[in-house]
A.B. asks: 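Here you go, one structure.
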Amino acid sequence: MIRILDEQNSILARYVSQLRDEVIQRDPMRFRRNLERTGAVIAYEISKTLNYRQQTVVTPLGEAEMMLPTDEIVIASILRAGMPMHNGFLNVFDDAANAFVSAFRKYSKDGTMKIVLEQVTTPNLEGKTLIIVDPMLATGASIEMAYYALLEKGGVPAHTHLAAVISSTDGIDFVRKRLPMDHVTLWTAAVDEEMTVKSYIVPGIGDPGDLAYGKKL
């Protein structure tokens, strides 16, 4: 299932517009904060799809019956760009377990690109709700690699949510074809149609890792 959140008006558009704005994004702290706020909004939307059970909460004056989520959640981020969004998800799912995937783009002399996966750390995923966070879904290759690497190491979750700020149409098509969509939901704040020859989304936001944490060698 694909959920495109800018199809309905919400405050999310303001956060994404500031992430895109070439002047505003020059402030790394504000850029990180907008990624965090975007993550929190997507987390809230995901929370509406979870499993709930009525539970009794004892107050100083009596008891209240409330519907509370029962899913065991694991938040997985693709380093380093996913970290601010990861914090936004933790602000909502504050008791979630955490996983991390270290991956990067490697370009060859002929201009071709491949994803290099260095390390995966994860708790047990069996029967849990997995949320994989990466700000940009460009080609879809890194999400696919992270998904299968996490399952290989942690087991098979009951359901997986993929969370991105901006997705390319090619990336969405790739995910539809390469991941089991009966067990996967993609959430994205916006969709852009173009990509550069180096697989950067246009208009996109640029390189979120560099904007959040500084340029790398």
Side-chain angles (χ1 to χ4, degrees), residues 1-8 10 12-28 30-42 45 76-86 88-89 101-108 110-117 131-147 160-179 181 184-216:
M1 183 180 296
I2 311 295
R3 300 286 187 93
I4 303 171
L5 298 179
D6 72 352
E7 290 178 345
Q8 294 184 335
S10 78
L12 180 61
R14 181 178 182 183
Y15 306 153
V16 175
S17 71
Q18 292 183 3
L19 287 168
R20 290 187 188 270
D21 190 299
E22 65 177 354
V23 175
I24 295 175
Q25 67 177 210
R26 293 173 189 166
D27 181 346
R30 192 168 178 183
F31 186 83
R32 292 192 301 269
R33 179 61 176 145
N34 280 320
L35 281 178
E36 183 178 336
R37 294 195 293 182
T38 299
V41 172
I42 299 175
E45 294 296 330
S77 289
I78 299 179
L79 301 175
R80 60 184 170 154
M83 287 305 301
M85 282 185 72
H86 191 114
F89 271 84
V101 177
S102 176
F104 65 94
R105 293 180 173 193
K106 184 175 182 179
Y107 291 93
S108 61
D110 63 4
T112 58
M113 181 268 292
K114 68 176 182 178
I115 304 296
V116 178
L117 184 67
I131 303 173
I132 304 178
V133 178
D134 194 11
M136 310 298 283
L137 176 65
T139 66
S142 59
I143 282 284
E144 179 197 26
M145 187 174 290
Y147 174 79
T160 299
H161 298 274
L162 311 177
V165 177
I166 299 175
S167 299
S168 73
T169 52
D170 287 348
I172 291 175
D173 289 342
F174 182 91
V175 165
R176 279 195 176 113
K177 294 173 182 175
R178 303 294 285 269
L179 298 185
M181 297 308 291
V184 173
T185 303
L186 169 63
W187 301 78
T188 186
V191 177
D192 290 347
E193 295 188 0
E194 296 181 42
M195 280 196 296
T196 69
V197 292
K198 287 195 172 184
S199 298
Y200 284 98
I201 300 174
V202 178
I205 59 176
D207 187 314
D210 287 356
L211 290 166
Y213 297 112
K215 291 186 177 181
K216 55 189 176 293

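Values reported hereafter were calculated over all heavy atoms of this structure, with side chains retained and with hydrogens, waters and symmetry mates removed. In this chain, residues are counted from 1 in sequence order. This structure is a prediction, so every number in the text was calculated from the model and none was measured.
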A.B. asks: For Gln18 and Arg37, work out which heavy atoms get closest and say how close.
C.D. replies: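 Smallest heavy-atom distance, with atoms named: OE1-NH2, 3.6 Å.
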A.B. asks: Under a 4.5 Å cut-off applied to non-hydrogen side-chain atoms, are Ile143 and Asp134 in contact?
C.D. replies: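 Of all side-chain heavy-atom pairs linking Asp134 with Ile143, at least one is under 4.5 Å.
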A.B. asks: Rounded to the nearest 0.5 Å, what separates atom CG in Leu137 from atom OG1 in Thr169?
C.D. replies: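 The CG atom of Leu137 sits 10.0 Å away from the OG1 atom of Thr169.
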A.B. asks: Go through the steps to decide whether Leu12 and Asp6 satisfy the test side-chain contact (heavy atoms from CB on, under 4.5 Å), and finish with yes or no.
C.D. replies: CA-CA 8 Å; Leu12 180 61; Asp6 72 352; over 6 Å; no
A.B. asks: If you take all heavy atoms of Pro84 and Arg32, which pair is closest and at what distance?
C.D. replies: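 In terms of heavy atoms, the two residues are closest at CB-O, 3.6 Å.
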A.B. asks: Tell me, please, which residues at least two apart from Ser167 pass side chain to side chain donor-acceptor pair (under 3.5 Å).
C.D. replies: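 Residues passing side chain to side chain donor-acceptor pair (under 3.5 Å) with Ser167: Thr188.
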A.B. asks: Between Met83 and Leu35, is the side-chain contact (heavy atoms from CB on, under 4.5 Å) condition met? List the steps.
C.D. replies: CA-CA 9 Å; Met83 287 305 301; Leu35 281 178; over 6 Å; no
A.B. asks: Counting only heavy atoms from other residues, nucleotides and ligands, does the tally under 6.0 Å from CE of Met1 exceed 12?
C.D. replies: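 No.
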A.B. asks: Could you grab the distance from atom CD1 of Ile132 to atom OG of Ser142, nearest 0.5 Å is fine?
C.D. replies: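 Rounded to the nearest 0.5 Å, the CD1-OG separation comes to 10.0 Å.
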A.B. asks: Within this structure, what is the CG-CD1 distance for the pair Leu19 and Ile24, rounded to the nearest 0.5 Å?
C.D. replies: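 Nearest 0.5 Å value for the CG-CD1 distance: 9.5 Å.
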A.B. asks: What closest approach, in Å, do Met85 and Ala163 show between heavy atoms, and which atom pair accounts for it?
C.D. replies: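 Where Met85 meets Ala163 most closely, the heavy atoms are CE-O, 4.1 Å.
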A.B. asks: Contact between Tyr200 and Val202 at the side-chain level, heavy atoms closer than 4.5 Å - yes or no?
C.D. replies: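 No, every pair of side-chain atoms sits at 4.5 Å or beyond.
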A.B. asks: Side chains of Ile201 and Glu194: does their closest heavy-atom pair fall under 4.5 Å?
C.D. replies: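 A side-chain contact is absent here, since even the closest heavy-atom pair is not under 4.5 Å.
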A.B. asks: May I have the step-by-step check of side-chain contact (heavy atoms from CB on, under 4.5 Å) for Ile78 and Met136, ending in yes or no?
C.D. replies: CA-CA 10 Å; Ile78 299 179; Met136 310 298 283; over 6 Å; no
A.B. asks: Are Asp27 and Arg33 ion-paired here, with the side-chain N under 4.0 Å from a carboxylate O?
C.D. replies: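 The answer is no: the pair does not qualify as a salt bridge.
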A.B. asks: As an exercise, state the distance from OH of Tyr15 to CG of Asn34, rounded to the nearest 0.5 Å.
C.D. replies: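 Rounded to the nearest 0.5 Å, the OH-CG separation comes out at 8.0 Å.
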A.B. asks: Working to the nearest 0.5 Å, report the span between CD of Glu193 and CD1 of Ile172.
C.D. replies: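 So the CD of Glu193 and the CD1 of Ile172 are separated by 10.0 Å.
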A.B. asks: Taking all non-hydrogen atoms of both residues, which atom of Val133 and which atom of Gly82 are closest, and how far apart?
C.D. replies: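 The answer is CG1-O, 4.0 Å.
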A.B. asks: Find the distance between NE2 (His161) and CZ (Arg3) and round it off to the nearest 0.5 Å.
C.D. replies: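 If I round to the nearest 0.5 Å, the distance is 9.0 Å.
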A.B. asks: Step by step, would you call Leu179 with Thr160 a side-chain contact (heavy atoms from CB on, under 4.5 Å)?
C.D. replies: CA-CA 10 Å; Leu179 298 185; Thr160 299; over 6 Å; no
A.B. asks: Quick one: does Asp192's side chain have a donor or acceptor within less than 3.5 Å of a partner on Gly204's backbone?
C.D. replies: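 Judged by distance alone, yes, a pair lies under 3.5 Å.
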A.B. asks: Does the distance from a Lys or Arg side-chain N to an Asp or Glu carboxylate O, for Asp210 and Arg80, drop under 4.0 Å?
C.D. replies: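 Result for this pair is yes, salt bridge flagged.
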A.B. asks: Short question: side chain of Gln25, backbone of Ile205 - any donor-acceptor pair under 3.5 Å?
C.D. replies: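 At least one qualifying donor-acceptor pair exists.
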A.B. asks: Heavy atoms only: give me the nearest Pro135-Ala81 pair and the separation to one decimal.
C.D. replies: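 In terms of heavy atoms, the two residues are closest at CG-O, 3.3 Å.
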A.B. asks: Can you name the closest pair of heavy atoms from Ile42 and Phe89 and give their distance?
C.D. replies: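 Smallest interatomic distance, heavy atoms only, reads CG2-CZ, 3.9 Å.
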A.B. asks: Would you check if Met195 and Asp170 make a side-chain contact, meaning some heavy-atom pair closer than 4.5 Å?
C.D. replies: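 Side chain of Met195 against side chain of Asp170, heavy atoms only: contact under 4.5 Å found.
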A.B. asks: Does any N or O in the side chain of Asp207 come within less than 3.5 Å of the main-chain N or O of Gly209, such that one atom is a donor and the other an acceptor?
C.D. replies: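 Pair found, side chain donor or acceptor close to backbone of Gly209.
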